[in-house]
Structure formats: C-alpha cells, structure tokens
Participant: 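Below is the structure I would like to discuss, written out as structure tokens.
First the proteins, then the strands, lettered A, B, ... as listed; each starts at 1.
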There are 2 protein chains.
Amino acid sequence: MQFSKSTDYALHALIHLGHSERSNNVGIKELSLSLGVSESYLSKIMSKLRQDGIVRAVPGVKGGYELARAADQITFLDVIQVIEGRQQLFECSNTSSRQHQLLAEEGAAQRDQKRPREKVCLVEKVMDGAEQQLHQYLREHTIQTILDEAFKHCTREANKK
Amino acid sequence: MQFSKSTDYALHALIHLGHSERSNNVGIKELSLSLGVSESYLSKIMSKLRQDGIVRAVPGVKGGYELARAADQITFLDVIQVIEGRQQLFECSNTSSRQHQLLAEEGAAQRDQKRPREKVCLVEKVMDGAEQQLHQYLREHTIQTILDEAFKHCTREANKK
DNA sequence: TTTATAATGGATCTTCTATATCCAGAATAA
DNA sequence: TTATTCTGGATATAGAAGATCCATTATAAA
C-alpha cells in the first residue's frame, strides 16, 4: 500500500504555486519543468485540483494556475483525498461470510432504533481508528508547513556563510 | 490508496486461529469455508504468514495452521507489513528535480560527517510523520484485541436474554 | 475583433499489481 | 505405506496507475 505518484506531483506542484508571487499565474510548462513530469500528465492532476477548488486556472496568454486559497488552508489531507479518492483505507470484503456473523457488532443499533441493524466488523473498527489517526496528522500539516520549513533551512544556510 | 483484500483475509484468518482451541490445527479447508475465499488463494496468504513466523503449518493428516505465538503478541502492524510489504507509505519520485534542490534539507549531515550528504525531501518528512502515527496505532492493536471485543459482545447479548 | 496562448477533456496505450486458479511435489502423522 | 495437507511454480485475468496525443474551449491582450 502506497500513495500514488500523482499525490507526490500534486503536493509538489502546490508548493511551487505557494512559493511563487501572488496574482502571478504559473503555467503548466513551468510546473512540469520544475517537477520533471510531462505537461500532459501533470495537467490531468491540476484539473482534478481545480475541480475540487484547491487551485484556480486561467486559460490564455499569461494564464496558468494559482492557489485558490491561502497555503495554510490547504491541508495534506485535502490534497490526498482529491487525488487518492475518499474511500476508506480498509473495507471488509465478505460481510456475509460465516465469521462475520460472529465478529460483527450491532452498529448504532442502541441509539437509532429506526434503521435496520447494520453490522460493523470489529476488524474494520480497528482499521477505521487507525485511519482517523492518520487523518488527524494530515489535517495538521499544510502547504504552508512546507514553505515555512523551507524558509527556515534557507536562512540557516545563509547564516553559515 | 487502500489495504488489499489479502490483508483482510489474513487478519480474519488469524482471528479464526486465535479463536480455536490450542494445539488444534485448523486446515485450509475450514479457513476458506469460514472466510468465503478459495482455498488456493488463501493458502498463498497463509504461506506468507508462515514464512514470517506469524503462524506454524503442519502438513499431513490432522495438519493445518496455528498461531506461532500468543494472540496478544501479533499486532495489526505485523500482519499488514507481511502482506503489504515494508516500503514506506510515501516516496518522492524525482529527488533530482529542480524543486527538490530547494526543498530538500541536509539530512543527518550535522551528526554524521562521514556519509555523503543525503537530501531529505520536506514533503517526505511530513508523510513519514503521518506513517509513524499510523504505525503507532496499529502496533497497539492485536489479534487479541479483536477476540476480547468479540467476547464482550457475546456476553452482552447473552445477558439480554 | 482577432490572435496567440494556455487549460480542458476524451481517447488510447502500456505497464504493473492484485486477485485468482491449477497442479505437481514435498512433508507428515497415523 | 498411505491418505492427507501444505508448498511453490506457472499461468491467467482484470483493473488501476501512469503516460501521451490531440481537438476543443476559454481567455487576455493586441
């Protein structure tokens, strides 16, 4: 299980946008050159980011991409969910198997009497907990986090000389 | 990004083994019936678990599988790493790209002067942090965790009647 | 209004991995 | 020795990721 290359490209592209001047669009050519990916492939990824409101795109001369909101309002989780999708990390494949009859608990049955009793797999419960941990961390880190870190290292280097 | 079905099968198989009597091997036939997976596919997964010392396997009449150690000594992380592999969740694809020259920091260069300076991508650093969060949680949950939970629900059901 | 430029989206192609099955062979307890 | 059960190699298939090409659309500037 691994994050896709597209997620890698997306994050780095957004950092590039965050780094560039405000109201100065960055074209796909410059982005692809900076990241070392083909324009055609990267443009697919940028389209996704636009459809989800992470970036804005302007066609035509002097057009290009820019962040749709402040860099500290774009979390790692946002980006990952756009590219990787929003399915949960783990889903039981055979909820009707014999073992699940035993392992499943009556989910939310106590509180909500109306719904038909939904069985929740105990394995899935643990995995969902793990996913929440992961999401928590990814929500706390933004594009701005990276920009800040990069700036720190920059000044540190400068002080040495 | 999702965990594979194999991980699902592996976890459920181990729970089945943990649930059955000690020194009573469980054959692939019983396991595959319980989980609703084909014998041939499940046996591949069990082989992996055996190679990594999670289960023991005995061929021949009355043979089968059993846990190689106590259920509370088999963590979710153990199982996942056997099935999914041990590569990190995120790896930068183009460490030689232009952007990385700026984004990378000198990794461990201060402490270990001998090594050639290895650049560590700042994006990767954040993602590695996220992975550690995930691992932490998965280390804290074992096959026994599930068995205990299942037992709780069992007695709760019994008390109702 | 025209034009050069840049993003968009559909179609397609390749490669790789997850999933799955089959079978011959090895190992073991009875 | 034999019946049984695991093992591992070979192979097949489907679907996703990665990647490219091109016709179309949209825009700002001349």
Participant: So, is B/Gln51 close to the D/dT7 phosphate, meaning a side-chain N or O under 4.0 Å from OP1 or OP2?
Facilitator: no
Participant: Determine: side-chain N/O of B/Tyr9 to OP1/OP2 of C/dA18, distance under 4.0 Å, yes or no.
Facilitator: no
Participant: Nearest whole Å is fine: how far is D/dC6 P from B/Leu42 CG?
Facilitator: 10 Å
Participant: Can a side chain N or O of B/Ser6 be found less than 4.0 Å away from OP1 or OP2 on C/dA18?
Facilitator: no
Participant: Looking at B/Ser47, I'd like to know whether one of its side-chain N or O atoms comes within less than 4.0 Å of OP1 or OP2 on D/dT7.
Facilitator: yes
Participant: Would you say B/Phe76 and A/Met127 make side-chain contact, with heavy atoms under 4.5 Å?
Facilitator: yes
Participant: Are B/Val58 and B/Leu17 co-members of a hydrophobic cluster defined by side-chain heavy atoms under 4.5 Å apart?
Facilitator: no
Participant: To the nearest Å, how far apart are A/Lys48 NZ and D/dA19 C1'?
Facilitator: 14 Å
Participant: Just checking, is any N or O donor in the side chain of B/Asp8 or A/Ser93 under 3.5 Å from an acceptor N or O on the other one?
Facilitator: yes
Participant: Considering heavy-atom distances to DNA chain D, does A/Val37 or B/Gly27 have its closest nucleotide positioned more toward the 5' end?
Facilitator: B/Gly27
Participant: Nearest whole angstrom, please: distance from the P of C/dA30 to the CG of B/Asn25.
Facilitator: 11 Å
Participant: With a non-hydrogen cut-off below 4.0 angstrom, is B/Lys29 in contact with a base, only sugar-phosphate, or nothing?
Facilitator: nothing
Participant: With a 4.0 Å limit, can you tell me whether B/Tyr41 has a side-chain N or O closer than that to the phosphate oxygens OP1/OP2 of D/dA12?
Facilitator: no
Participant: Taking OP1 and OP2 of C/dC23, is either one under 4.0 Å from a side-chain nitrogen or oxygen of B/Ser40?
Facilitator: no
Participant: When you measure from the side-chain N and O atoms of A/Ser38 to the phosphate of D/dT20, is any distance below 4.0 Å, counting only OP1 and OP2?
Facilitator: yes
Participant: Side chain of B/Ser43 only, please: which of C/dT28, D/dT7, D/dG18 is the nearest?
Facilitator: D/dT7
Participant: Quiz question: by atom type and distance under 3.5 Å, do the side chains of A/Ser32 and A/Tyr41 form a donor-acceptor pair?
Facilitator: no
Participant: Rounded to whole Å, please give me the gap between CE in A/Met1 and C1' in C/dA18.
Facilitator: 14 Å
Participant: Want to settle it: does A/Arg50 or A/Val61 sit nearer the 5' end of DNA chain C, counting the closest nucleotide to each?
Facilitator: A/Val61
Participant: From the set D/dC6, D/dA19, C/dA7, return the single nucleotide nearest to any side-chain atom of B/Pro59.
Facilitator: D/dC6
Participant: Under 4.0 Å between a side-chain N/O of B/Gln2 and OP1 or OP2 of C/dA18, yes or no?
Facilitator: no
Participant: Compare the minimum distances between each of C/dA7, D/dC6, D/dG8 and the side chain of A/Tyr65, then state the nucleotide with the smallest one.
Facilitator: C/dA7
Participant: Would you say B/Ile74 and B/Arg69 make side-chain contact, with heavy atoms under 4.5 Å?
Facilitator: yes
